[in-house]
Amino acid sequence: MESPRILEVRKGILKKNDQLAEGLRGRFRDAGVCVIDLVSSPGAGKTAFLEETLRRLAELEFRVAALVGDLATENDAKRLARSGVPVRQIETHGICHLEAEMIERHLDGWDLAKLDYLFIENVGNLVCPSSYDLGETSRAVLHAVTEGEDKPLKYPTIFNSSDVALITKIDLAEVCEFDRDSCYENIRSVRPGIPIIETSAKRGTGFAEWFGYLERVSGERPVVC
C-alpha cells in the first residue's frame, strides 16, 4: 500500500499539471488552434498515422505542427519533418509520459495563431499519459489490430479518458484474425458512445472519416481528402 506521503506528492504534481494545462487550454482557444493528443502503446503505428495525417493536411494547405514525445532520440521528429510541417521532439529522459510543462516549454517561438492544428504524439504508454492533461482539444487513443482485442479491458483509464478511438493497421486485420466485434464491444464497455475509426496509414484507409472528426472538433473548414 502506498504511504500518505507519496499520495500527497502525486496529488501535488497532478494539481500543478492541471493548472498549467488549463492555462494552455485557454491559450490554444484564444489562438484558435485545435490540439490533438495521440496516445497508444509502443508499436501501435502512431508515428506512421501522424506522418500520413501531417502530409495530407499540409497538401490541403492547412497550417499544421507537431510535438513528439519519446524517452530518447529525435528519430520520430526527423521522420515527421519530412512532411514539411514544423516538428519538435520532446525527449523526456526516462519519464513515461508528457506533462503540460513540457508542452508549454516547447511552444516557445511558435505563433499559435498561425496554426490550424497542433498534434501531440505522446510517449508510447497506455498507463501514465492518462493522468496528465495537456490542455488538448481532444485525446485520440490508437489501438492496433496486432494488439488483440482486450487491451481496452486491461487499460480502461486511457480509453475512458479519450474522445475518439482509432483502430490502426486495419490492413492486417485478416492475417491477425482480428475480432472486430469483440474489440468494439470492449472499447465501448469502458467508454460508451466513443467514435471508433478504422485506419491504415499504409493504404490510406479511414482518413476521410478521421478528417471529418477533426473538422467537427475544431469547427474548421471541411477537410476533403
Side-chain angles (χ1 to χ4, degrees), residues 21 24-25 28-29 33-41 43-57 60 62 64 66-69 97-98 103 116-127 129-147 149-171 173 178 180-201 203-225:
L24 280 174
R25 200 179 330 279
F28 295 146
R29 184 174 55 244
V33 58
C34 179
V35 181
I36 308 295
D37 178 21
L38 302 175
V39 294
S40 78
S41 57
K46 200 161 61 266
T47 304
F49 179 79
L50 181 55
E51 192 173 26
E52 189 66 9
T53 296
L54 297 179
R55 185 186 68 77
R56 290 178 179 234
L57 288 175
L60 293 165
F62 281 90
V64 191
L67 296 172
V68 187
H97 57 272
L98 293 177
I103 302 300
D116 298 311
Y117 293 103
L118 171 64
F119 291 90
I120 300 171
E121 183 182 342
N122 218 312
V123 176
N125 186 342
L126 288 177
V127 182
S130 63
S131 299
Y132 288 85
D133 183 0
L134 303 180
E136 67 268 37
T137 309
S138 176
R139 175 181 288 175
V141 60
L142 284 71
H143 177 83
V145 299
T146 51
E147 299 179 84
E149 298 82 23
D150 63 351
K151 282 280 178 68
L153 302 180
K154 292 179 177 177
Y155 303 92
T157 306
I158 195 74
F159 283 86
N160 185 256
S161 64
S162 295
D163 302 295
V164 59
L166 304 169
I167 307 295
T168 57
K169 305 183 182 180
I170 197 66
D171 53 299
F178 177 66
R180 178 182 280 100
D181 292 342
S182 175
C183 187
Y184 274 51
E185 182 179 344
N186 291 338
I187 291 173
R188 287 180 169 148
S189 71
V190 297
R191 183 70 163 89
I194 188 173
I196 301 174
I197 303 173
E198 297 183 359
T199 71
S200 167
R203 297 189 178 172
T205 306
F207 278 84
E209 194 174 351
W210 167 234
F211 287 166
Y213 175 81
L214 293 180
E215 178 191 335
R216 290 195 297 278
V217 296
S218 68
E220 257 290 356
R221 62 186 168 90
V223 182
V224 180
C225 61

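Index from 1, following the sequence.
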Atom [atom1] in [X], atom [atom2] in [Y]: separation rounded to 0.5 Å?
{"X": "L98", "Y": "N122", "atom1": "CG", "atom2": "CG", "value": "4.0 Å"}
{"X": "L118", "Y": "D37", "atom1": "CG", "atom2": "CG", "value": "10.0 Å"}
{"X": "F178", "Y": "R180", "atom1": "CZ", "atom2": "CZ", "value": "6.5 Å"}
{"X": "I194", "Y": "N160", "atom1": "CD1", "atom2": "CG", "value": "8.5 Å"}
{"X": "L142", "Y": "L50", "atom1": "CG", "atom2": "CG", "value": "9.5 Å"}

Is [Y] close to [X] at the side-chain level, that is, under 4.5 Å between some pair of heavy atoms?
{"X": "V35", "Y": "L24", "value": "no"}
{"X": "T53", "Y": "L38", "value": "no"}
{"X": "L153", "Y": "S189", "value": "yes"}
{"X": "H143", "Y": "Y155", "value": "no"}
{"X": "F28", "Y": "L134", "value": "no"}
{"X": "L67", "Y": "I103", "value": "yes"}
{"X": "R139", "Y": "V39", "value": "yes"}

Might you point out which heavy atoms bring [X] and [Y] nearest each other, and give the distance in Å?
{"X": "I167", "Y": "C183", "value": "CD1-SG, 4.1 Å"}
{"X": "K169", "Y": "G43", "value": "NZ-O, 2.7 Å"}
{"X": "S40", "Y": "L126", "value": "C-CD2, 3.7 Å"}
{"X": "R25", "Y": "E136", "value": "NH1-O, 3.2 Å"}
{"X": "A44", "Y": "T168", "value": "O-OG1, 2.6 Å"}
{"X": "G204", "Y": "R56", "value": "CA-NH2, 3.5 Å"}

Where the side chain of [X] meets the backbone of [Y], is there a donor-acceptor pair that is under 3.5 Å apart?
{"X": "T137", "Y": "C34", "result": "no"}
{"X": "E147", "Y": "A144", "result": "yes"}
{"X": "N186", "Y": "K151", "result": "no"}

Between L214 and L57, is the side chain to side chain contact (heavy atoms under 4.5 Å, CB included) condition met? List the steps. CA-CA 11 Å; L214 293 180; L57 288 175; 4.3 Å; yes
Is the ring pair Y117/F62 parallel, tilted or perpendicular, if the boundaries are 30 and 60 degrees?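 The arrangement is tilted - the two ring planes meet at 30° to 60°.
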Give me the ring orientation class for F211 and F207: parallel if the planes are under 30° apart, tilted from 30 to 60°, perpendicular past 60°. perpendicular
Given W210 and T199, is the side chain to side chain donor-acceptor pair (under 3.5 Å) satisfied, shown in steps? CA-CA 8 Å; W210 167 234; T199 71; over 6 Å; no
Donor + acceptor pair across side chains of S138, Y213 (<3.5 Å):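 Y213 and S138 do have a side-chain donor-acceptor pair below 3.5 Å.
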Does one side chain, of S162 or R191, offer a donor that lies under 3.5 Å from an acceptor on the other? no
